Amino acid sequence: MKHASALTATSSTHSVLAGCHLIALTPRGDDRGSLIALEGGGDVPFDIARAYYIFGTRVGVERGFHAHRALNQLAVAVTGGCTMVLDDGHRRVDVRLDAPDRGLSMGSMIWREMRDFTPDCVLLVLADRIYDETDYIRDYKRFLELVHA
Ligand code: TYD
């Protein structure tokens with residue numbers, strides 16, 4: 001497994017896998033503290049149709065284990081951290097998400113698994129479509145067939 005390297009101060013995005021990028025989210029804090037605004041067309045590379053968040057994840061739980069046919073998403077660990085495993089059917093990359101100023105954009109046809117959640121992790125996910133179970137590919141063999149077709 002390869003761990004994605006940290007973003008540098010001079011680059012705002014870092015390619016992780018085709019269609020997947022780490023994005024340095026624009027800080028708007030001041031001497032009162034920090035603030036980050038997420039807008040479609042801003043740091044979020046799509047129009048936002050849905051937001052959901054994963055929290056209270058029990059120790060040792062792994063989730064995800066699916067790809068999306070068309071959905072684009074951006075994930076941010078607002079507190080705590082977790083590891084996102086991304087797989088394009090050719091290679092796998094582990095990305096540790098543990099900073100509220102770093103987003104991970106994920107395109108379609110990427111298998112993703114999430115693990116190693118800290119107990120305090122709140123993983124915010126923005127998506128460009130509303131929830132649609134028919135967009136999910138939940139069988140890894142089927143995912144590989146589609147990628148390699
Ligand atoms: P699930 O897809 O199992 O989550 P993950 O892939 O992150 O492990 O989703 C858990 C449940 O929540 C499932 O019943 C579907 C539902 N759900 C929604 O209703 N809307 C949503 O936006 C999401 C992501 C899930």
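From a predicted model like this one, the values you see are computed outputs, not experimental measurements. First listed ligand is number 1; within each ligand, the first listed atom is number 1.
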Exercise for review: Determine whether the side chain, the backbone, both or neither of His66 has a heavy atom under 4.0 Å from any heavy atom of ligand 1.
Suggested key: side chain
Review point. Considering only heavy atoms, does Tyr136 approach ligand 1 within less than 4.0 Å through its side chain, its backbone, both, or neither?
Key: side chain
Practice item. Report yes if the distance between the aromatic ring centroids of Phe143 and Phe65 is under 6.0 Å, otherwise no. Key: no
Please could you name the atoms of ligand 1 that [X] approaches to less than 4.0 Å, counting only its heavy atoms?
X: Gly64; value: 5 (P), 6 (O), 8 (O)
X: Arg50; value: 21 (C), 22 (O), 23 (C), 24 (C)
X: Arg138; value: 2 (O)

Review point. Does an N or O from Ile54, backbone or side chain, lie closer than 3.5 Å to an N or O of ligand 1?
Key: no
Check your understanding: Would you say ligand 1 has an N or O under 3.5 Å from any N or O of Tyr52?
Key -> no
**Study point:** Ion pair Arg92/Asp87, N-O distance below 4.0 Å
**Key:** yes
Exercise for review: Would you mind checking if Asp139 and Lys141 are paired as a salt bridge, meaning a charged N to carboxylate O distance below 4.0 Å?
Suggested key: no
Within the structure provided, determine whether [X] and [Y] are in side-chain contact (heavy-atom separation under 4.5 Å).
X: Cys121; Y: Val78; value: no
X: Tyr140; Y: Arg142; value: no
X: Arg112; Y: Val85; value: no

Revision key, fill the gap. shortest atom 10 (C) of ligand 1-to-protein heavy-atom contact is with Arg63 NH2, 3.9 Å
Review point. To the nearest 0.1 Å, how far is atom 25 (C) of ligand 1 from its closest protein heavy atom, and which atom is that?
Key: Tyr131 CE1, 3.7 Å
Exercise for review: Could you tell me whether Ile130 atom CD1 has more than 12 heavy atoms of other residues or ligands within 6.0 Å of it?
Suggested key: no
Review point. When you look at OH of Tyr53, are more than 12 heavy atoms from neighbouring residues, nucleotides or ligands closer to it than 6.0 Å?
Key: no
Practice item. Ignoring hydrogens and angles, tell me if any N or O in the side chain of Asp47 forms a donor-acceptor pair with the backbone of Gly40 under 3.5 Å. Key: no
Tell me whether [atom] lies less than 4.0 Å from at least one protein heavy-atom position.
atom: atom 5 (P) of ligand 1; answer: yes
atom: atom 21 (C) of ligand 1; answer: yes
atom: atom 8 (O) of ligand 1; answer: yes

Point to revise | ligand 1 contacted by Met114 (non-hydrogen, < 4.0 Å) | key: yes
